[in-house]
Amino acid sequence: MEKVVIIRYAEIHLKGKNRGFFERVFIINLERALKGIRHELHRTSGRYLVEKFDTARYEEIMERVLRVFGVHSCSEGLLVPNDMDSIFEAAKCVAPAGGTFKVETHRADKKYPLTSMEVSAEIGGRLLAHNRALKVDVHDPAARVYIDVRENGTALVYCSSRLGAGGMPVGTAGTGLLLLSGGIDSPVAGYMMAKRGMTVEVLHFHSYPYTNDGAKEKVQELAALLSQYTLVERLRCVNVAHIQEEIHKKCAADLNVTLLRRFMFRIAERIAAKVGAQCLVTGESLGQVASQTVEGLTSSNSVVALPVLRPLIGFDKEEIIERAKKIGTYDTSVLPFEDCCTVFLPEHPAIRPKLSYIEEEEAKLDVEALIEDALKTLEFIRL
Amino acid sequence: MIYLDNAATTPPCTEAVERARAFLEENFYNPSAIYGGAFSVHAALKEARQGVLSRIADPAKFELIFTSGGTESDNHAVFSGARRGNAVTTKGEHAAVFESFNALKGRGVEPRFAPLKCDGSVDEEGLLSLVDEKTSLVSILHVNNETGAVNDILALARAVKRKNPRALFHSDGVQAFGKIPVRLSADIDLYSVSAHKIGGLKGTGALIKRKNLVLPPLVYGGGQEGGQRSGTENVFGIMAFAYAAEKKFATLEEDGKRILALRNLLRERLDGALYTCLSPEVGSPYILSTSARGMRGEVLVRMLWERGVAAGTGSACSSRHRFSRVLMACGYDEPTLDGVLRWSFSPATTKDEILRAADIANEVAATFRGNL
């Protein structure tokens with residue numbers, strides 16, 4: 001009796017002629033998620049099986065697979081020879097301890113001596129005799145025991161399943177460049193785009209020496225947590241301290257953040273071109289802070305040609321926090337390091353800055369030279 | 001690199017490291033084993049214990065328990081010493097004592113915190129008013145690790161004992177050991193020291209304890225250290241500690257004078273328009289606390305590091321604990337607390353380093369101020 005993990009995929013089955021492409025990417029992603037664990041991954045009638053692994057690592061495999069986008073659900077299955085005694089032994093293991101149940105059989109091997117109905121009836125009967133606490137209910141059972149009689153002389157027996165991450169395989173929906181701060185929102189934004197199949201490259205802005213190495217380490221940790229889903233194990237960092245200094249020295253204080261964001265977007269667009277990203281992704285949510293008013297968003301948008309995707313735009317903070325907790329980035333996000341330097345934070349940031357005012361203030365800076373300087377600090381970190 | 005953060009840790013002295021290496025590679029035996037090689041390690045350990053202890057106290061009246069460092073020694077003293085009534089300490093303590101006192105609440109002992117004077121030393125009157133007949137332990141920092149202020153622990157211990165002879169007196173001597181001349185008196189029951197502040201290795205320290213004082217252990221096990229601190233001894237660390245202590249104490253007085261001159265030189269050279277001195281005139285020569293008022297100390301630290309100077313802020317900087325608890329208790333305002341920079345020295349510090357560090361510090365602060 002061998003323990004296996006049965007993987008069912010989510011939306012891929014809706015695909016038509018390009019389904020092969022989605023499946024190929026899906027397999028690559030599953031293999032990447034299982035990197036470092038000995039296993040074999042096989043495709044079988046509409047689903048995948050992880051086999052031949054060390055059962056001590058079963059939980060770990062399950063958790064890693066459940067995080068892969070495109071996975072609808074997973075089950076713990078038992079692979080046994082297809083004789084009725086072996087199937088019964090496996091069914092005993094996966095069947096619930098009590099309550100109503102039903103046995104469902106699928107017979108791929110049409111030469112098998114019993115029909116599907118006969119297998120179900122036989123195993124169901126034996127289970128009932130074995131465990132008095134069980135009761136058959138074929139219409140609305142609390143648990144279903146599934147038996148797959150396969151063509152290669154084996155049978156797969158399983159019962160409950162765990163829900164996976166859903167979505168589409170990462171790598172099937174283009175590339176985006178995520179602006180990752182050290183906060184709660186941006187990792188969730190990256191997660192949501194990856195969930196729809198986007199390859200999410202990550203860019204972080206820091207302002208050393210005004211922010212510290214701990215803050216950068218925290219962002220690295222966040223990027224690493226995110227990479228469990230996005231499978232992108234690299235991070236790019238750019239230092240914007242000098243830009244902040246210049247803005248602070250030369251421009252109106254209430255525009256500090258607005259102007260800095262415009263620089264960030266411009267720099268991000270240049271980096272996006274290098275990494276082949278077709279859009280920018282941010283964790284902005286409408287009205288959350290002064291720079292995230294529609295005027296603020298417009299001011300940032302107006303300096304780039306690329307689309308800026310903001311998957312959290314209509315989310316409340318509470319909703320974002322809930323998701324961050326679910327994907328496991330929350331605890332790292334709330335570590336007390338500053339991500340945006342408070343040395344330069346204005347007391348009263350402009351909430352509805354007019355574009356003409358912004359441009360007037362920005363004209364006091366040598367925008368191109370500052371961007372060039374900042375790009376020289378680009379750092380590539382392998383997670 | 002100019003290293004001026006010796007209160008955080010000192011570079012281990014070469015001979016101490018060599019000594020440690022010999023006990024890692026050749027005499028690696030477990031001192032509790034019974035064959036010859038192990039016994040010689042046991043004997044070396046005994047010698048080291050006497051060596052460290054005799055530098056500061058009379059081995060006839062005191063004994064020494066090797067520990068994993070100052071924090072463990074402090075925890076041992078606080079949790080084993082304060083077991084009933086109330087316990088008194090100061091607002092200027094290192095976190096190892098301060099947080100242990102906070103944890104006493106959960107053990108049914110009332111912690112009391114004495115106020116500080118503006119230099120960081122304890123307010124004696126305030127302290128004594130907190131000591132009563134129910135006080136089981138009084139713990140006073142010997143040298144304040146943030147300002148360098150020195151508490152006269154002999155006089156304070158005397159005063160405490162006069163008020164309550166049954167109260168135990170502990171002092172955290174981590175920043176004083178090997179730096180401030182002192183001989184433990186009969187009024188002092190417990191004294192914590194650490195190796196890596198005087199050229200030893202991290203992970204080694206000791207709790208010096210008055211003989212005949214029975215304290216429950218903090219760590220139970222195989223009965224090492226006379227049953228008072230179980231666990232196979234950190235032999236190599238202890239050997240390095242003994243050597244570092246021997247070396248440091250041999251030149252304690254002349255080091256003190258020379259370093260005092262360096263400290264005063266740095267104080268003079270730092271631009272008065274940029275830096276305010278927080279340390280007392282008469283304090284530990286090894287620590288100079290300054291504040292670049294209105295600037296962020298932690299940012300200056302990183303700017304200095306980029307220019308090849310290592311200094312400290314003297315506080316764990318984070319947005320939650322933005323300001324030093326100790327310096328807040330000294331009564332400084334926010335702009336001063338924000339800009340705290342702590343310079344700390346060792347016998348290896350040279351005059352040339354001080355002059356260069358002062359120039360760089362002035363330049364960096366001027367640049368920073370220009371950017372604000």
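Within every chain, numbering begins at 1; the chains are lettered A, B, ... in the order of the sequence lines, protein sequences first and strands thereafter. What you see is a predicted model, and the numbers here were worked out from it, not measured in a lab.
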Minimum-distance pair of heavy atoms, taken over all atoms of Pro209(A) and Met303(B):
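Answer, listing the atom of Pro209(A) first, then Met303(B): CG-CG, 3.4 Å.
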
Mind listing the closest non-hydrogen atom pair of Arg302(B) and Thr211(A) along with its distance?
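Residues Arg302(B) and Thr211(A), closest heavy atoms: NE-O, 3.0 Å.
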
Kindly check if the number of other-residue, nucleotide or ligand heavy atoms within 6.0 Å of [atom1] ([X]) is above 12?
{"X": "Glu359(A)", "atom1": "CD", "result": "yes"}
{"X": "Glu319(A)", "atom1": "CD", "result": "yes"}
{"X": "Arg293(B)", "atom1": "CZ", "result": "yes"}

So, using salt bridge (Lys or Arg N to Asp or Glu O under 4.0 Å) as the criterion, who are the partners of Lys364(A) when residues are at least two apart?
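Lys364(A) satisfies salt bridge (Lys or Arg N to Asp or Glu O under 4.0 Å) with Glu361(A) once adjacent residues are dropped.
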
Pair Tyr210(A)-Arg296(B), side-chain contact (heavy atoms from CB on, under 4.5 Å): steps then yes or no
CA-CA 8 Å; Tyr210(A) 300 105; Arg296(B) 286 283 283 279; over 6 Å; no

